[in-house]
Undergrad: 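For reference, the structure I am asking about is given below.
Here is the naming used below: chain letters follow the sequence lines, and residue numbers restart at 1 for every chain.
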There are 2 protein chains.
Amino acid sequence: MPAEPLSRPRIVAAAIDLIEREGADAVSMRRIAADLGVGVMSLYNHVPSKSALLDGVAEAVLSQIEFTDDPDAEWTDRVRMQARAFRQIAHHYPRCTMVVVSRQLNSTAGLLPVERALSTLRDAGFGGREAVRVLRVFIAYIVGSLLREVGVTPTFAPVHRPDIAVADADPLLFPQVSGLAGPLADCDHEAEFEFGLEMLIQAVAVQLKPYG
Amino acid sequence: MPAEPLSRPRIVAAAIDLIEREGADAVSMRRIAADLGVGVMSLYNHVPSKSALLDGVAEAVLSQIEFTDDPDAEWTDRVRMQARAFRQIAHHYPRCTMVVVSRQLNSTAGLLPVERALSTLRDAGFGGREAVRVLRVFIAYIVGSLLREVGVTPTFAPVHRPDIAVADADPLLFPQVSGLAGPLADCDHEAEFEFGLEMLIQAVAVQLKPYG
DNA sequence: CAAGTGTACGTACGGTGTACGTCCCTGGAG
DNA sequence: CTCCAGGGACGTACACCGTACGTACACTTG
């Protein structure tokens, strides 16, 4: 009768499903067990704690990044691709994004993107320390963008809600905000992401000049 | 005997204290009530829910940003100042940062920095839509940086821990990572922040050229 | 004085993570 | 075959959580 014999991957997958369907707040060991048709404590035979389970979620999501890195391509294109690959998973697992980002990930799943990025930057001509610095800037921008996209950080357009944040701003206290209510309210996430990404790449290119 | 008569600000302050002392996970209504020497349910006379209390924490922290904006200064300097002011609160309330960032803040405390920033960018010569776009890039970068600084996003140097993330990386699988273990492990947050900030400001300045 | 109002509080309910002990099912040894 | 050891599934139990509800008391107002 037990079609599949319960395992860590199956539990992690159930957790991801649950998060995507009902949000991270809905996650509880009891709920996951129920979704799997299994007793609560059975989970602990495969997962040491809820925290470890969420680590597993982060790792699983992160390891699904599709990297199609072409070492012969222009470094700017490689950076673009890697940044987009990162963003893609946030688009694929929106409600998991916060979980992934807010977890200290020490696994290889977290290290591989770093390795690729450093490789790309060093190929581009950066020294070790410079590559690390530049990478940190990119990570900060990408993480910040994903958080906005996922709705945790303000777009100023409350997610799928009649706009309350900006529309009722007092025009006398906040002339700019209320004057720009329109642009502030709607946000083409992809376009915004690309806009900032291009700005960063171009800025990085300038940094690179002196070393060329 | 009740020295002070219990109020929303007092409760919020207690919550902030608790978060800074023991982390956001330690926050519970019971715990806050105990710290205030008060019954649990008394809190609900001043705060509708725990969620609202955390909103209050976010608002309180955010409203302590010190803005010393000089409208006559160069716009680059104004942007620098505002970005640093934002970062300063994360430095002052490190454990609260995640709470602040992860909360959709629709209060005036959240709108005021936006107003100032838009004002600065428009003074610099940006149109409305462009100002919003540029602002979003800055916010993404700042938020991402603060998260790294606070330790939620990887510095690759696990906060106050013997470095485990990077040191034991397999040199064959991750040559870059293990080769750059040193630079990856230590991170001068202020220098990193400033480095990326300057890159962004310069990139924005380039964006501005065509409109000048 | 009486009535009304708002704050503090205790109790109680349904939920959480998980430590612990018990069952049963399997696989190998004799 | 029997017998036994090991491991996975499970139920119970505990401490803690957020908060709905009812009560008791201090105060203002008439």
Undergrad: Whole Å only: how far is the OH atom of A:Y44 from the P atom of D:dA9?
TA: 15 Å

Undergrad: Does the side chain of A:E22 reach to within under 4.5 Å of the side chain of A:R31, using non-hydrogen atoms?
TA: yes

Undergrad: Taking CG from B:N45 and P from D:dG22, how many angstroms apart are they, rounded to a whole number?
TA: 15 Å

Undergrad: Over how many whole Å does the gap from A:L53 atom CG to C:dT16 atom C1' extend?
TA: 15 Å

Undergrad: Does A:R30 contact C:dG17 through a side-chain donor or acceptor facing the base, at a distance under 3.5 Å?
TA: yes

Undergrad: Does any part of the side chain of A:R116, heavy atoms only, come nearer than 4.5 Å to the side chain of A:P113, both counted from C-beta?
TA: no

Undergrad: Whole-Å distance between D:dC17 P and A:D25 CG?
TA: 17 Å

Undergrad: Would you say B:H46 places a side-chain N or O within less than 4.0 Å of OP1 or OP2 belonging to C:dG6?
TA: no

Undergrad: Would you mind reading off the distance between A:L43 atom CG and C:dT16 atom P, rounded to a whole angstrom?
TA: 13 Å

Undergrad: Taking the nucleotide of DNA chain C with the closest heavy atom to each, which residue, A:S49 or B:S42, is nearer the 5' end?
TA: B:S42

Undergrad: With the side chain counted from C-beta on, respond yes when B:Q64 and B:Y93 share a heavy-atom pair under 4.5 Å apart, and no when they do not.
TA: yes

Undergrad: Base, sugar-phosphate alone, or nothing: which one does B:V38 contact when heavy atoms must sit under 4.0 Å apart?
TA: sugar-phosphate

Undergrad: State, yes or no, whether a side-chain contact exists between A:V101 and A:V150 at a heavy-atom distance under 4.5 Å.
TA: no

Undergrad: Whole-Å distance between D:dT19 C1' and B:R31 CZ?
TA: 20 Å

Undergrad: D:dT19, D:dC17, C:dT16: which one has an atom nearest the side-chain heavy atoms of A:S28?
TA: C:dT16

Undergrad: Could you check whether any side-chain heavy atom of B:V132 comes within less than 4.5 Å of a side-chain heavy atom of B:F126, counting everything from C-beta outward?
TA: no

Undergrad: Expressed in angstrom and rounded to an integer, what is the separation of A:K50 atom NZ from C:dG15 atom C1'?
TA: 12 Å

Undergrad: Over how many whole Å does the gap from A:M29 atom CE to D:dC17 atom C1' extend?
TA: 17 Å

Undergrad: Which listed nucleotide (C:dG17, D:dG11, D:dT19) is nearest to the side chain of A:M41?
TA: D:dG11

